[in-house]
Amino acid sequence: MKKKKSKLGHEGASALIMLIPCVFFLCVCSIYPICWVLRWAPYNYNGTKATFTGLQNFQRLFTDKTFWEAVLHTFEYAFYKIIVIIPLALIVTVLLQQKLRGSNFFRGVYFMPTIISSAISGMIFTFIFATKNGILNAILQKGNLITEPIKWLTSGDVVMIAVVVLSVWAGFGNYMLYFTSGMSSIDTGLYEAAKIDGANGVQIFFRVTLPMLSPTLKIVLQLALLSAFRDYEAIMILTQGGPGNRSMTMFLYNYYLIFGQSNSAQPQIGYGALCSLMAAIIIGLVTMVYLRVSKKLDDVI
Amino acid sequence: MNEGKAVYSAKTKILRALLLLLLVLLAAAVVFPVIYIIFGSFKENGELLRGGINIFPEKWSIDNYIEAWKTANFGVYTKNSILLALGVMAGAVFNSTLAGFVFSRSKLKIVNIVFYTIMAFMFVSVGSVTLRPLYMLAAKLKMHKNLISVILISVGAGQATYIFLCKGFCNSIPKELDEAAKIDGSSFFRTYWNVILPLMKPIIGTVALMSFRQGWNEYMLPLVFTMSNPKMRPLTVGVNMLKNVGDGTAAWNIMFAGAVIAMVPMICIYIAFNKFFMSGMTAGAVKG
Amino acid sequence: MKKVVAFLVAAVLVLGTLAGCQKPTPAPSTDAPAASTEGAKKIDPCTIKFWTGDRHDMEYIKTHIDKFNAENQYGIKVEVEFLTDDVETMYKLAYQTGDAPDVIGGSNKTVETYGGDYLLNLEPLAAADETYKKEMEIESRKYAYKNWDPKRNEVYCYFGAIRTGTRAEYNIELVKAAGYDKLPTKLSDYIDMAKKITEAGKGEYYGIGFTSSSPFERFCEQVAMNSGITWCYDYKNGKFDFSGYKPIIEECKRFISEAIAYPDEQGVDNMRALFAEGEFALWQNASQEIGVFTEQIPITKFEWGVGALPTLTGEVKGSLDCLVQKGYCITKTSKNIDAAWEFIKYMQSLDVLVGYCEAGYSAPLTNAVRDKYDASKAGRMGEFQAAAYDEVYPSYPSVNLTGDNYRKTLWEAVLGNTDVDAAIADCNKRYNEALEADIKSGDVLRVVIPDFDPMHPGAGTIEFRDK
């Protein structure tokens with residue numbers, strides 16, 4: 001490195017100096033925590049006392065039902081979230097493209113939830129989903145859509161729906177904007193041509209819009225995947241992973257391991273570090289599989 | 001697509017009306033939770049507890065706000081939230097314009113490597129666990145008792161996106177400007193400061209807004225950092241902490257008021273600047 | 001290619017920082033200073049920090065701290081922090097970072113959560129002070145694994161008051177409307193009554209409510225104690241045993257499966273507010289409820305009563321564990337031990353404690369307080385007076401548990417999310433494994449009371465074994 005520096009010249013030296021803040025942040029916020037995680041993974045560490053336990057944590061990981069259930073729930077959550085949020089965002093984008101009155105207004109409204117902290121939106125939905133005094137059940141009952149109130153947050157059968165509703169509400173504005181920006185780069189001439197050929201709206205969508213949007217779609221899907229696997233803040237506030245761990249996701253479980261859960265579990269930092277590593281690996285694998293599949297699809301099309 | 005307001009057939013007109021209706025319904029569903037909370041925060045606790053279908057309060061009262069402000073420390077939380085958001089904004093703008101410029105202009109290999117390392121870490125997700133080592137680190141440096149460490153970590157954790165945005169923007173600024181400045185004898189840093197930075201105003205606006213939002217909405221990070229120091233809590237943490245309290249101040253009415261206090265300033269900023277928010281999002285994610 | 005290089009560099013950086021990673025800081029070990037037994041102490045003016053997890057008595061405590069600050073002869077200033085949540089985590093984090101307070105409130109979990117790693121042994125200080133020694137009955141108020149660690153033979157605080165075991169508070173109107181004059185004593189009847197009320201409510205109100213904050217502890221556990229069942233720790237054999245819960249969990253499952261309970265478990269305060277609003281008829285909690293229902297969330301809409309919890313058979317066969325309260329510990333990092341001790345002596349002086357109980361915050365514990373205490377001043381607290389079956393249990397050893405504690409695990413079974421037998425077996429396994437491991441490593445001693453009597457849990461002869 002030193003050798004290089006002498007060749008850097010004045011410009012290179014200032015460039016490196018100007019990079020100091022961002023390299024500092026990189027080391028502190030990204031690299032250091034990962035080293036720390038690697039270091040503590042083979043320890044039994046409760047915050048005050050650490051004992052080296054070798055492979056014990058690994059054994060526990062492979063037999064820990066809760067963790068693997070959490071992994072399963074994460075996949076389930078990501079799947080539901082994506083199959084709702086992407087089509088919804090896409091449809092909304094296309095509709096708003098039709099130059100209806102107030103398109104910009106609608107766009108602004110749909111995007112609004114994304115500026116609200118997930119901590120606050122989680123809280124808002126706790127109120128809305130409350131069984132007896134929540135307004136959602138009140139509306140559904142008034143409209144005679146249900147006879148008994150639904151236990152949105154306390155029944156394992158429906159809690160995933162509640163969690164996904166919140167995440168779609170909070171996030172689809174983002175994806176709408178991604179698509180809008182992708183659409184704006186499509187050559188309008190293509191639409192004209194399709195119209196002259198006598199294609200109707202639906203045909204145009206499938207024959208022109210969708211193929212032309214596929215590069216955008218690919219990136220957006222990847223972003224959606226990543227973010228769905230990483231979501232846990234709002235879930236933590238909405239359900240704390242309950243009932244019966246039914247909405248426990250990987251990251252949420254890891255958080256509880258690392259910081260403990262007041263009234264019910266003490267921190268198990270070493271084991272939590274190992275689970276976090278496992279989670280990172282799982283997300284890495286998912287990303288890789290996704291990239292491979294999307295490439296294959298490209299070849300086919 | 002560019003037929004303008006041309007003549008529509010009757011069928012198209014109906015179709016368009018239906019579409020409009022659909023969009024209106026969706027918009028209603030999207031704003032409903034926010035509206036519900038805002039009006040709900042003026043209800044008396046009894047009414048909230050009974051539930052029901054009314055959105056508007058039977059009896060308007062601002063007692064919830066007064067109580068929240070008095071008993072639940074919301075004054076302090078609000079001040080902390082503002083400091084946090086402004087701090088993150090300043091840090092992010094400073095760091096990302098600087099780095100974005102260097103990444104865009106420098107041809108050094110090492111600079112490139114740093115850039116790709118930063119981008120690569122966007123895809124490494126160990127999640128919440130990172131907060132523990134960072135907290136311990138801050139504690140060792142005796143920096144865990146003020147918001148500075150929270151601000152720095154927030155800036156660091158979000159830097160990749162902003163740097164990416166600024167680099168993209170710098171790439172679109174003609175290199176000839178640099179060349180000209182260089183010929184005039186301007187140093188690398190001077191070029192950044194005098195020539196490029198003024199041209200970066202639009203992207204600075206975007207980064208500023210996005211990072212302000214990030215700071216204002218930050219939750220897990222301040223949650224961990226303020227566990228042993230309640231006076232440092234921002235609104236997001238303070239409001240949610242109410243859930244665990246057991247001394248009569250954690251009933252729904254106070255939490256409603258708290259949620260509104262935490263949410264409304266951000267919404268106002270959004271209404272004022274929503275174009276920038278949206279352009280920032282799109283520029284960051286897909287183009288660039 | 002660029003990316004490959006980038007990753008390589010990242011890897012190198014990672015390794016580099018790895019080398020820099022450090023071991024955790026060992027807990028700073030200050031030796032317990034010998035109690036100063038010299039007659040006239042000299043204490044320099046100083047400021048001490050005091051943290052407490054109690055908030056319900058905030059005003060009373062604040063008043064007396066102000067009084068102490070104004071009146072003490074040494075110029076000691078006390079700064080108090082009323083922490084709203086999870087004091088233990090906050091304290092531990094603060095301790096690791098060197099910001100721990102001087103004095104921290106002691107509770108029944110003092111040894112379990114802090115213990116000798118964090119706290120100063122107060123016995124020498126207390127024994128040297130005749131008044132304190134007598135009034136606080138320090139000889140007989142050593143509760144194993146509550147304030148006293150038998151392994152180190154250290155006492156970290158002395159308690160000033162107790163909270164009674166759980167009682168059932170009920171909405172008299174709703175209970176009457178369902179055809180009952182008083183609460184049934186048998187658990188199954190109790191549930192039947194709750195069911196009748198829920199049915200009468202037709203979705204408007206419910207028979208009973210549970211909070212999301214440790215519901216198992218507030219109901220099932222207390223019912224088990226009152227029924228004389230081994231509710232957590234088998235004192236006779238010195239191991240954990242949760243098998244006794246089976247009949248109780250089976251009964252309590254009806255609350256959920258028959259949709260008797262208020263359909264949401266919300267935070268404690270909101271559940272209280274819902275009770276005060278008449279949304280459900282039965283609510284279980286201990287004596288700190290008084291202040292809440294008379295001051296913070298006053299019940300104005302109906303008459304409410306206080307009754308005993310039901311038991312499995314209808315007969316009381318065991319005592320309820322009372323929470324010991326108002327203890328004060330000095331932390332090992334404190335630099336102002338003498339000043340802190342002055343403060344503690346003031347807060348636990350007879351007048352302050354009697355006033356505390358008469359204000360309705362707690363029930364008296366020591367004889368000195370009981371003699372001076374005038375129950376008529378305590379308002380509705382009278383209904384929560386310690387009953388014959390309210391007693392302080394000897395604590396069992398706290399263990400280094402992996403996973404959720406029994407309260408959460410077993411409540412999941414009540415909710416029907418897990419199988420009852422599996423949940424009980426899981427708890428038995430994890431708790432006993434942890435116990436054996438901790439005994440083996442020397443962290444704790446096994447507590448055995450061969451002549452344990454659930455009606456008089458404190459009366460047995462307690463043995464501590466290191467095997």
Side-chain angles (χ1 to χ4, degrees), chain A residues 11-12 14-15 18-19 21-23 25-26 28-30 32-34 36-37 95 98 100 106 108-113 115-120 123-124 128 132-135 138-139 142 174 177-178 181-182 188 191 216 219 223 230 233 237 251 254-255 258 269 272-273 276 279-280 283 287, chain B residues 1-2 16 19-20 23 27 30-31 33 36-37 49-53 95 98-99 102 106 108 111 114 117-118 121 123-130 132-134 153 155-157 159 163 187-189 213 217 219-220 236 239-240 252 255 259 262-263 266 270 274 277-278 281-282 285-287:
Chain A
E11 188 179 313
S14 7
M18 284 161 81
L19 273 191
C22 100
V23 172
F25 287 128
L26 175 68
V28 172
C29 297
S30 305
Y32 168 69
I34 290 186
W36 190 91
V37 165
L95 292 186
Q98 306 304 313
L100 289 170
F106 285 121
V109 169
Y110 299 153
F111 187 70
M112 185 200 58
I115 58 133
I116 297 171
S117 170
S118 52
I120 300 299
M123 193 166 170
I124 295 177
I128 290 176
K132 164 93 199 296
N133 49 359
I135 192 150
I139 292 172
K142 196 89 180 176
N174 272 336
L177 277 194
Y178 297 157
S181 128
T188 45
Y191 294 114
T216 311
I219 301 172
L223 285 173
R230 285 167 173 175
E233 273 186 29
I237 288 161
F251 273 20
N254 295 344
Y255 176 81
I258 298 277
I269 298 167
S276 307
I283 295 176
T287 314
Chain B
M1 282 318 279
N2 37 10
R16 289 176 75 86
L19 289 182
L20 197 65
L23 292 174
V30 168
V31 287
Y36 168 66
I37 284 291
L49 294 171
R50 283 192 302 274
I53 198 165
N95 177 43
L98 208 58
V102 177
S106 175
L108 290 178
V111 170
V114 171
T117 315
I118 291 176
F121 268 102
F123 295 93
V124 179
S125 334
V126 283
S128 43
V129 61
T130 54
R132 184 111 206 172
L134 290 175
I153 292 169
V155 172
Q159 72 169 350
I163 290 179
S187 71
F188 192 60
F189 181 77
R213 173 184 75 168
N217 289 346
Y219 175 66
M220 296 307 300
T236 44
V239 174
N240 274 294
W252 273 28
M255 290 160 82
M263 187 173 66
M266 204 59 228
Y270 172 67
N274 82 61
F277 268 108
M278 294 206 241
M281 281 301 301
T282 44
V286 184
K287 286 177 179 173

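Convention: sequence-line order gives letters A, B, ...; per-chain numbering from 1. In what follows, every heavy atom counts, from backbone to side chain, and hydrogens, waters and symmetry copies are set aside.
- Of all the heavy atoms in M266(B) and I115(A), the pair that sits closest is CG-O, 3.4 Å.
- From E11(A), atom CD reaches atom CZ of F189(B) across 14.0 Å, with rounding to the nearest 0.5 Å.
- Annotation: the span from M112(A) atom CE to M263(B) atom CE amounts to 8.0 Å, rounded to 0.5 Å.
- Looking at V109(A), both its backbone and its side chain come within 4.5 Å of chain B, counting heavy atoms on both sides.
- A donor-acceptor pair is defined here as one N or O able to donate and one able to accept, closer than 3.5 Å; no such pair exists between the side chain of N274(B) and the backbone of G108(A).
- Only the side chain of I283(A) comes within contact range of chain B, with at least one heavy atom under 4.5 Å from a heavy atom of that chain.
- The shortest side-chain heavy-atom distance between V31(B) and Y110(A) does not fall under the 4.5 Å cut-off.
- Interface remark: of the candidates I153(B), I37(B), V111(B), V124(B), I37(B) forms the most heavy-atom pairs closer than 4.5 Å to chain A.
- Looking at heavy atoms from C-beta onward, S118(A) lies out of side-chain contact with N217(B) at the 4.5 angstrom threshold.
- The shortest distance between side-chain heavy atoms of I237(A) and Y219(B) falls below 4.5 Å.
- Within the 4.5 angstrom heavy-atom criterion, only side-chain atoms of Y36(B), from C-beta onward, approach chain A.
- Your options are T287(A), N254(A), I258(A), and the one with the most heavy-atom pairs under 4.5 Å with chain B is I258(A).
- Counting heavy-atom pairs closer than 4.5 Å to chain A, the top-ranked of the candidates G52(B), G51(B), S128(B) is S128(B).
- Looking at P133(B) and Y32(A), their side chains come closer than 4.5 Å, going by heavy atoms from C-beta outward.
- Annotation: side chain of F25(A) is not in contact with side chain of I118(B) (no heavy-atom distance under 4.5 Å).
- Between N133(A) atom CG and R50(B) atom CZ the span is 11.0 Å, to the nearest 0.5 Å.
- Using a 4.5 Å cut-off between heavy atoms, T236(B) touches chain A through backbone and side chain atoms alike.
- Of all heavy-atom pairs spanning I120(A) and A262(B), the tightest one is CD1-CB, 3.6 Å.
- Your options are P21(A), C22(A), A15(A), and the one with the most heavy-atom pairs under 4.5 Å with chain B is C22(A).
- Only the side chain of V23(A) comes within contact range of chain B, with at least one heavy atom under 4.5 Å from a heavy atom of that chain.
- Qualifying side-chain hydrogen bond (donor to acceptor under 3.5 Å, both in side chains) partners for N95(B), counting only residues two or more places apart in sequence or in other chains: Q159(B).
- Note that NZ of K142(A) and CD1 of I53(B) are 5.5 Å apart. Values are rounded to the nearest 0.5 Å.
- V30(B) has its side chain within reach of P113(A): a pair of non-hydrogen atoms, C-beta onward, lies under 4.5 Å apart.
- Counting heavy-atom pairs under 4.5 Å between each of V114(B), L20(B), L23(B), V155(B) and chain A puts L23(B) at the top.
- Considering V129(B), T130(B), L134(B) in turn, V129(B) is the only one that fulfils the side chain to side chain contact (heavy atoms under 4.5 Å, CB included) rule with W36(A).
- Proximity to chain A (any heavy atom under 4.5 Å) is shown, for A99(B), by both the backbone and the side chain.
- To the nearest 0.5 angstrom, R213(B) atom CZ is 11.0 Å from I116(A) atom CD1.
- Under the salt bridge (Lys or Arg N to Asp or Glu O under 4.0 Å) criterion, R230(A) pairs with no residue at all, not counting sequence neighbours.
- For the options A119(A), C29(A), S117(A), heavy-atom pairs under 4.5 Å to chain B are most numerous at S117(A).
- Here the straight-line distance linking atom CZ of F251(A) with atom CE of M220(B) works out to 11.5 Å at 0.5 Å rounding.
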